[in-house]
Amino acid sequence: MTIYNFSAGPAVLPHEVLVQARDEMLDWHGSGMSVMEMSHRGKEFMGIAAAAEKDLRELMNIPANYKVLFLQGGASQQFAMIPMNLLRGKTSADYLNTGEWSKKAISEAKKFGKVNVVASSEDKNFSYVPDFAAWKCDPNAAYLHITPNETIGGVEFDWLPNAGNVPLVADLSSTILSRPIDVSKFGLIYAGAQKNIGPAGLTIVIVREDLIGQVVAGTPTMLDYKTHADNDSMYNTPPTYGIYIAGLVFQMLKRNGGVAAMEKTNIAKARLLYDAIDASKGFYNCPVALANRSRMNVPFTLKDANLDGEFVKQADARGLLQLKGHRSVGGMRASIYNAMPLAGVQALVSFMAEFAKNNS
Ligand SMILES: *Cc1c(COP(=O)(O)O)cnc(C)c1O
C-alpha cells in the first residue's frame with residue numbers, strides 16, 4: 001500500500017531524497033564515513049554546507065547583501081532572537097496577528113519591548129487576513145512581523161504590506177520554497193526546516209546584513225545573529241545531518257524546475273482538494289476565507305463532527321495518514337507541502353468522496 005503522510009510537521013520528505021540519503025548513509029561519496037560522523041570543520045562537511053547555501057541562494061534568488069544562517073532552536077527561538085537583534089535601540093515593533101503562530105511571536109516579543117498589533121483577525125477566529133488598508137502601522141517601528149502562512153489555521157496571503165523603511169520580517173516556516181518570493185522586500189525571513197525543507201532541528205534565517213550586530217545588552221552569544229554570520233554558521237556545531245538533508249532537497253528542487261515548478265504543482269494540488277471540499281454540498285467545510293486559503297495546510301471540518309473519528313480511522317486504513325486537525329481547531333487538516341505528490345491528493349479526494357457518499 002502506498003502511504004501518504006499529511007502531517008503538518010515534521011512532514012513528508014521527497015522520496016528521491018530519502019533514497020539518496022539511504023544510499024549514502026554508511027559511506028558518503030567514498031569518504032568511509034556517514035555524514036553524521038563527520039567533523040563540521042572537515043573538508044567534506046564544509047563542502048556539503050557551502051553547496052546547500054549556494055543552492056538555496058540560487059533557488060530563492062537571495063541578494064548578496066543577505067546572510068543565510070543555518071541555526072537550531074526552531075522558529076520558536078526566532079520569536080525571541082528577532083526582537084533581541086532587530087529592536088536596535090528602538091522601543092516598539094509592529095506585529096500582524098493572524099493566528100496561533102503570530103500570537104506566540106507576539107507574546108515572546110513583549111518580553112523585549114512594546115508590541116503594536118497592527119491588525120488582528122481574532123474577531124473571526126483567525127479565518128482571514130485583515131486588509132492592509134486597516135493596518136495601523138507605526139512608521140517608527142523597529143520592524144513589522146508577519147506570518148504569511150498560518151500552519152494551524154490554514155490562512156495564507158501572498159501580497160506584501162508596504163512597510164516603507166520599516167524592515168519586514170516574515171515567518172515562512174510552512175511556505176518557504178512553495179512559491180517564488182522577492183527576498184529583497186524583506187529585512188529577515190525565517191523558517192523551521194521540518195515543514196517544507198528537511199528534518200527537524202535545522203532553522204534557516206535569511207537576514208539583511210545591515211540589520212546584524214546591534215543586539216540588546218545581555219544577549220547570549222548564541223542568540224546574536226552576528227555570531228553565526230561571522231562564522232558561516234559554524235561558531236559551534238551546527239545541525240550537520242539536517243543541513244545535509246536540506247541540501248539534498250535543494251538539489252532535488254533544482255533538478256525539478258525550482259520554486260516556480262513547485263508553485264505550479266502546489267496550485268494544482270490545492271485546487272483539487274478545495275474543489276473536493278466545495279463540491280461536497282456541505283459535507284466538508286473549510287472555515288478559511290476564500291482569498292486566504294492556504295496552499296500548504298488545508299483545514300476542513302465534517303458537517304457531523306461525530307464522524308471525525310471514523311474518517312481518520314478509515315483514512316488511516318487506506319494509507320492516508322496524519323489527517324487529524326490541530327487540537328485548537330478540530331476537524332481535519334491535510335498538509336500538502338512540496339514533497340506531497342499530486343497522487344497523494346488524488347487519493348485523498350477520492351477517499352473523501354467515497355466517505356461522504358457512504359455517510360450522507
Ligand atoms: C511550526 C511552526 C513554528 C514553530 O516551529 P518550531 O520549529 O517547532 O519552533 C512557527 N511558526 C510557524 C508558521 C510554524 O509553522
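Note that the numbering runs from 1 along the sequence shown for the chain. Atoms within each ligand, like the ligands themselves, are counted from 1 in listed order.
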Legend entry - Under-4.0 Å salt bridge between Lys254 and Glu58: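 The answer is yes: the pair qualifies as a salt bridge.
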Inset, instruction - Decide, yes or no, whether a salt bridge links Lys226 with Asp230 under the criterion of side-chain N to carboxylate O below 4.0 Å. - result: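 Yes.
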Inset, instruction - Measure the distances from the heavy atoms of Asn149 to every atom of ligand 1 and state whether one is below 4.0 angstrom. - result: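 Yes.
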Inset, instruction - Using non-hydrogen atoms of the residue, decide whether Lys104 is closer than 4.0 angstrom to ligand 1. - result: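 Lys104: no contact with ligand 1 (<4.0 Å).
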Protein heavy-atom partner closest to [atom] - residue, atom, separation in Å:
| atom | value |
| --- | --- |
| atom 15 (O) of ligand 1 | Thr151 OG1, 2.4 Å |
| atom 7 (O) of ligand 1 | Gln194 NE2, 2.9 Å |
| atom 9 (O) of ligand 1 | Ser76 OG, 2.6 Å |
| atom 2 (C) of ligand 1 | Lys195 NZ, 2.5 Å |

Inset, instruction - For the residue pair Thr221 and Thr227, confirm or rule out a side-chain donor-acceptor distance under 3.5 Å. - result: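 No, no side-chain donor-acceptor pair sits under 3.5 Å.
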Inset, instruction - Answer yes or no on whether Lys124 is positioned over the face of Tyr128, meaning its NZ or CZ is under 6.0 Å from the six-membered ring centre and within 45° of the axis. - result: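 Yes, a cation-pi geometry holds between Lys124 and Tyr128.
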Legend entry - Ligand-residue contact atoms, ligand 1 with Gly74, heavy atoms, under 4.0 Å: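 Those qualifying, in numeric order: 7 (O), 9 (O).
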Legend entry - Ligand-residue contact atoms, ligand 1 with Phe79, heavy atoms, under 4.0 Å: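 Checking each atom against Phe79, I get 10 (C).
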Would one find an N or O of [X], backbone or side chain, under 3.5 Å from an N or O of ligand 1?
| X | result |
| --- | --- |
| Thr147 | no |
| Asp171 | yes |
| Ala75 | yes |

Inset, instruction - State yes or no: are the ring centers of Phe311 and Phe351 separated by less than 6.0 Å? - result: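 Yes.
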Inset, instruction - Say whether, by atom type as modelled, one donor and one acceptor occur between the side chain of Lys195 and the main chain of Ala8 under 3.5 angstrom. - result: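 Between the backbone of Ala8 and the side chain of Lys195 there is no qualifying donor-acceptor contact (under 3.5 Å).
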Inset, instruction - Please report the C-alpha distance between Ser178 and Asn338 in whole Å, then the side-chain angles of each, then the deciding distance to 0.1 Å, and finally whether the side chain to side chain donor-acceptor pair (under 3.5 Å) criterion is met. - result: CA-CA 6 Å; Ser178 72; Asn338 282 353; 5.2 Å; no
